[in-house]
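What follows is one structure encoded as structure tokens, with my remarks underneath.
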Amino acid sequence: MDWTRGQTIGHGSSAAVFVAKSRWTSEIFAVKSVELSQSQFLQKEQKILSELSSPYIVSYKGYDVTKENDKFMFNLMMEYMSDGTLTDEIRKQGGQINESLIGYYTKQILQGVEYLHSRGVVHCDIKGHNILLGKTGAKIADFGCARRVDQAERDAAASAQPIGGTPMFMAPEVARGEEQGFAADIWGLGCTIIEMATGGSPWTNVTNSASLLYKIAFSGQSPQIPKFLSLQAKDFLSKCLRRDPRERWTAKELLKHPFLEETSNSNQDSVTSSPTSILDQDIWNSVEETETMDFCSIQTVSSMDSAVQRVRELGLKSGEPKWRWDDERWITLRRSSE
């Protein structure tokens, strides 16, 4: 495909995302790019995304390799979602989305999750930043941490399991380094609902990442369910946030929950679009970086195994952990499966 790169619309430590336009058809799409020599994770994402097709998953458009400024770039082309991320929408709504709209987005996210699980894929990083919005509603994006799960993997020892995701949205069994199966996505969905309802983090009063992982892994607690939600919404969340992954409801079961039964496409009328679209801007003459989307907030951490082991060791001792990470932001972590 012959295309033109526009301005940056998102970036992370592993890749940057740009808006792009086909020279021949003027089609607008998104391109996620990184130097070819550093494209291991992006190529993995390309392979997974190319095998998926669902109205609730950001569409795959193709990939290519280009030479730009004497560097070879690996480019993953995807559907462009004009209204940014779910996290952006929460901010636009004043930090809190009404329950009817929460149900609308939750049903679409869950339909995407159910499709992934039916294909043997775990997303591993369900959160507001990885849900993109457009004219048809919400779609799941960013498969940089995604992995396939089969019976052999589910039966494997914890040390053989690749783990990844964002600590604030991480399930207890993942924080302990035990497993990362389909149930981990359901936990992430529950945390995302709390994010929509409150505009804040699912966990509060945690000062650093080490304390957060310890609390998730060993405290026996779950994120607090907002008291102002309806009884049906609270019950739905309780099914997502059970600490034992075997007790969490599956995506298929949750789609039949009363909280979503009354959710219909009529709720789409409640979706608030951005007051201005990036298409209204002079995007082809600018490379000014904006952070309206967070397609790739992923940081590769080579010491992930040792970090998980340290959290495990902390669980064998009483008291709070005594170590901390220098970077206290809630970052996405990924370890190579190789």
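Atoms considered below: every heavy atom in the structure, side chains included; atoms not considered: hydrogens, waters and symmetry mates.
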Sequence neighbours excluded and cut-off under 3.5 Å, please list the side-chain donor-acceptor pairs for residues 219-228, or say none.
| residue | atom | partner | partner atom | Å |
| --- | --- | --- | --- | --- |
| Ser219 | OG | Lys215 | O | 2.5 |
| Ser219 | OG | Gln221 | N | 3.1 |
| Ser222 | OG | Leu241 | O | 3.0 |

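- Side-chain contact, Lys127 with Thr166: a donor N or O sits under 3.5 Å from an acceptor N or O.
- Judged by distance alone, the side chain of Asn69 and the main-chain N or O of Lys71 form no donor-acceptor pair under 3.5 Å.
- Evaluation of the side chain to side chain contact (heavy atoms under 4.5 Å, CB included) rule for Tyr63 yields Gln46, Tyr60, Phe74 as partners, not counting sequence neighbours.
- A donor-acceptor contact closer than 3.5 angstrom links the side chains of Thr87 and Glu195.
- Considering only residues two or more places apart in sequence or on other chains, Thr25 meets the side-chain hydrogen bond (donor to acceptor under 3.5 Å, both in side chains) condition with Ser22.
- Residues satisfying the side-chain hydrogen bond (donor to acceptor under 3.5 Å, both in side chains) criterion with Ser59, sequence neighbours excluded, are Glu79.
- Qualifying salt bridge (charged side-chain N to carboxylate O under 4.0 Å, His left out) partners for Lys67, counting only residues two or more places apart in sequence or in other chains: none.
- Ring-plane geometry between Tyr214 and Phe218 is classed as tilted, the angle between the planes lying from 30 to 60 degrees on a 0 to 90 degree scale.
- Between the Asn75 side chain and the Val31 main chain, no donor and acceptor come within less than 3.5 Å of each other.
- Contacts of Thr198 classified as side-chain hydrogen bond (donor to acceptor under 3.5 Å, both in side chains), with partners at least two apart in sequence or in another chain: none.
- Taking the six-membered ring where tryptophan is involved, the planes of Trp203 and Trp187 are essentially parallel, since the angle between them stays under 30° and well short of 60°.
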